[in-house]
Every structure is written in C-alpha cells, then in structure tokens.
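Reading through the structure tokens given below for one structure.
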There are 2 protein chains.
Amino acid sequence: MKRNCGQWGHRLRQCGYKCTPGREAVLEVLESNDEHLSPEEIYAIASKEYPEIGLTTVYRTLEILVRLGIVVKLEIGDGKSRYELSENHGNKTHHHHFVCDGCGRIEDYSDFIDEEIELITKIEKTLEKKRNFKIEHHIIQFHGLCGGCYVKNGRGKKI
Amino acid sequence: MKRNCGQWGHRLRQCGYKCTPGREAVLEVLESNDEHLSPEEIYAIASKEYPEIGLTTVYRTLEILVRLGIVVKLEIGDGKSRYELSENHGNKTHHHHFVCDGCGRIEDYSDFIDEEIELITKIEKTLEKKRNFKIEHHIIQFHGLCGGCYVKNGRGKKI
DNA sequence: TTCTATATGATAATTATTTTCATTTAGGTT
DNA sequence: AACCTAAATGAAAATAATTATCATATAGAA
C-alpha cells in the first residue's frame with residue numbers, strides 16, 4: 001500500500017524519511033481533527049482508516065513530525081501529551097491555550113496576540129544575546145477553571 | 001517526634017493538615033535548595049535529615065503544598081515534575097524559565113518582567129470576562145538549547 | 001493520658017512512553 | 001519489473017513516574 005503523505009510527502013523524503021501508510025494516516029487525523037489529540041486518540045481514529053497501524057508507529061511518527069516542525073507537542077499537566085499541526089501548517093494562526101484544571105478542556109485564545117508576539121520576540125532576543133541561548137519555541141498557558149467547573153467547585157471557596 | 005513545620009505550621013493546621021516530621025523535612029528541602037527539584041530528588045535530600053520518610057509522603061506533601069499555594073509545580077517536558085517555593089513564599093520574585101532541551105538545565109529569567117506581568121494581567125482579565133474562565137495561574141517557558149548544547153548539536157544544522 | 005481522624009510507609013497497581021527484535025516494506029538501483 | 005537494503009513496522013516486554021491500597025502509627029484535640 002503505497003501512499004504519498006499528501007502535502008508532506010516531499011518534506012519527509014527530503015529529510016530521509018519514507019512515506020508510509022501509517023505516517024499518512026497520522027497526518028490525516030491531525031488535518032481533520034484540529035483539537036489537541038493524545039497519541040492514544042490519534043491511534044484510535046487512525047485505526048479506522050488503517051487498522052494495521054500500531055500505537056508505537058503513532059508515537060514514532062509524532063516524534064518525527066515534531067522534529068520537522070510540522071506538529072507541535074502540548075503538555076497540559078495531566079500526564080499525557082497532545083499534538084496539533086503547527087501554526088505554519090495547520091489552519092490555525094498563532095495562539096495559546098487556556099486549560100481547565102477541572103475538566104481538562106483546552107481552549108485556544110489569541111487575544112492581544114500581537115502584543116504577545118512582540119514581547120516574546122523581545123524576550124527571546126534578550127535571552128539569546130545576554131545568555132547565549134538558542135530559543136526554539138515557547139510555551140504559554142493559562143490555567144484555572146472554566147465557568148462550569150468554577151460553579152461545580154464551589155465558586156472559588158478555598159480547599 | 002513533634003515538629004512545627006516552621007513558618008508554615010499555622011497555615012497547615014489552619015487548613016486541617018497536621019504538622020509532621022515528613023512535611024517539615026520536605027519544606028526544609030524546598031527552603032534550602034531553591035532549584036526546581038523532582039520528588040525523587042526531594043526524597044533523597046529529605047532522607048538525610050529524616051531517614052524514615054517515604055517517597056509516597058513526599059508526593060502527598062507536595063500535592064498539599066501546591067493546593068495551599070505554598071509551592072509551584074513545574075513541568076518541562078522530560079516526564080518528571082519539579083517543584084519550587086512559590087514567589088510569595090520563597091526568596092524568588094516573579095520569574096519564568098528557560099529550559100535547555102539538550103541537557104535539561106533550567107534557568108530563571110525575569111527580563112521585561114513588568115511588561116510581561118502587565119500583558120498577562122490584561123489577557124487574564126479578558127479571558128475571565130469574555131469566556132467566563134477563572135484563571136489561577138499561568139505557565140511561560142522558553143525552550144531551546146543552551147550555548148554548550150548548541151555547539152555540541154552542530155550549531156543549528158537541521159536534523 | 002486517651003482517643004480518633006489523619007498521616008504514614010511498604011508494596012502493589014496503574015499508565016504513558018520507550019525499547020527490543022524479528023519481519024516487512026519504501027523506494028532507489030539494476 | 002525484479003532486486004536490494006536501510007528504514008519502518010507491530011507485538012510484546014521493559015521502563016519510569018505517579019497513584020492506590022491497607023494495615024499501622026501518630027498529631028493534636030479532648
């Protein structure tokens with residue numbers, strides 16, 4: 001079963017990776033479900049189209065896609081990792097995440113994104129110059145409770 | 001062996017938690033080593049002063065301290081969690097982290113911290129108002145390579 | 001000192017991820 | 001179109017951080 005991995009085939013081959021049905025299946029899942037999927041979820045969805053795929057292949061594929069910058073890894077602190085197409089490749093623009101620590105829901109936001117990008121750029125430049133770091137990416141998350149969980153948890157009562 | 005858990009004894013008892021030698025040992029470790037320790041590391045250090053302590057108690061104590069806002073949990077993506085006294089309780093002021101994905105080193109930074117706090121406050125207010133979130137904390141991290149790892153990894157050559 | 005809810009530690013269980021390894025395959029070469 | 005080999009695969013085992021269990025011990029109020 002030969003596949004070409006859609007728009008990413010060229011990129012993969014260029015970097016020495018082969019286009020396989022498993023990799024194509026993972027990419028298709030990420031394209032058609034743009035919401036922060038875990039490897040297990042990606043595996044479950046991909047299995048419908050390509051039942052031979054193994055969970056290990058999903059993990060390995062995601063690792064490669066992250067390395068190539070096609071996919072971004074996201075960790076919200078619940079012990080499992082999540083993945084989404086990076087802003088250059090998906091249909092999303094630069095955004096960050098709000099995480100509800102009550103129910104685990106993740107919402108994108110991009111309010112004040114221009115100011116944010118400007119400040120981030122400034123900080124990155126400073127860190128690179130003053131401390132000799134090579135910044136590759138940043139993580140910005142807001143954590144708290146969504147409306148429903150706030151009510152459910154007693155409206156902010158302590159402990 | 002009765003302990004009072006130093007400056008935190010009152011706070012703990014007030015919230016219905018007892019002051020135990022294990023909890024005191026964990027707090028002492030966090031006070032005297034302000035650098036992003038994992039539960040295993042905290043356990044190893046605490047064991048020197050109080051050998052009877054168990055790793056489970058370290059985990060449980062950290063959970064409580066986070067809940068009380070005394071300690072902050074930090075995850076840099078290497079699969080283990082780290083803890084530090086929160087800015088209100090330790091000797092550190094508001095800061096964020098640079099993480100070297102090569103060697104795992106974590107460095108605090110607080111460049112442009114005033115601008116950062118201003119922007120964060122603005123974003124939080126907006127998210128709370130427009131989306132009805134209750135923001136409790138945020139995570140800001142810069143990831144990349146420190147000087148040494150950059151050289152070691154071939155100065156940014158791809159793959 | 002007594003008493004009881006809370007805390008503890010040893011151990012087992014859980015869960016996400018990684019490793020191993022024998023087998024298969026993508027894709028360049030003949 | 002058949003061949004060849006490094007790369008990829010899947011099943012299963014291994015790993016590692018964290019959490020649950022449970023019988024025992026203890027903090028701290030009465």
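All of these numbers come straight from a predicted model, not from anything done at the bench. By convention in this document, chain letters (A, B, ...) are assigned in the order of the sequence lines, proteins followed by strands, and residues within each chain are numbered from 1.
Remark: nothing in residues 41-49 of chain B comes within less than 4.0 Å of DNA chain D through any heavy atom.
For His97(A), the ring-ring contact (aromatic ring centres under 6.0 Å, His included) partners at least two apart in sequence or on another chain are His36(A), His95(A). Partners of Glu63(B) by salt bridge (Lys or Arg N to Asp or Glu O under 4.0 Å), not counting sequence neighbours, listed by chain and number: Arg67(B). For Tyr59(A), the ring-ring contact (aromatic ring centres under 6.0 Å, His included) criterion is met by no residue, not counting sequence neighbours. Partners of Tyr83(A) under the ring-ring contact (aromatic ring centres under 6.0 Å, His included) rule, at least two apart in sequence or in another chain, do not exist in this structure. For Glu35(A), the salt bridge (Lys or Arg N to Asp or Glu O under 4.0 Å) partners at least two apart in sequence or on another chain are Lys92(A). Listed by chain and number, the residues in a ring-ring contact (aromatic ring centres under 6.0 Å, His included) with His143(B) are His137(A) (sequence neighbours excluded). Looking at residues two or more places apart in sequence or on another chain, you find a salt bridge (Lys or Arg N to Asp or Glu O under 4.0 Å) between Arg82(A) and Asp78(A). Under the salt bridge (Lys or Arg N to Asp or Glu O under 4.0 Å) criterion, Arg60(A) pairs with no residue, sequence neighbours left out.
For the helix from dT1(C)-dA30(D) to dT30(C)-dA1(D), the terminal axes (five pairs an end, C1' atoms, rotation from four pairs onto the next four) enclose an angle of 30°, given to 10 degrees.
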Scan nucleotides 15-20 of chain C against the protein and return all N/O pairs shorter than 3.5 Å with their distances rounded to 0.1 Å.
unit_1	atom_1	unit_2	atom_2	d
dA16(C)	O3'	Gly79(A)	O	3.4
dT17(C)	OP1	Ser81(A)	N	3.0
dT17(C)	OP1	Ser81(A)	OG	2.7
dT17(C)	OP2	Tyr59(A)	OH	2.5
dT17(C)	O5'	Tyr59(A)	OH	3.3

Report all interatomic pairs (protein N or O, nucleotide N or O of nucleotides 2-6 of chain C) with separations under 3.5 Å.
unit_1	atom_1	unit_2	atom_2	d
dA5(C)	N3	Lys18(B)	NZ	3.4
dT6(C)	O4'	Lys18(B)	NZ	3.4

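Ring geometry for Tyr109(B) against Phe142(B) counts as perpendicular: the plane angle is over 60°, on a 0 to 90° scale with 30° as the lower cut.
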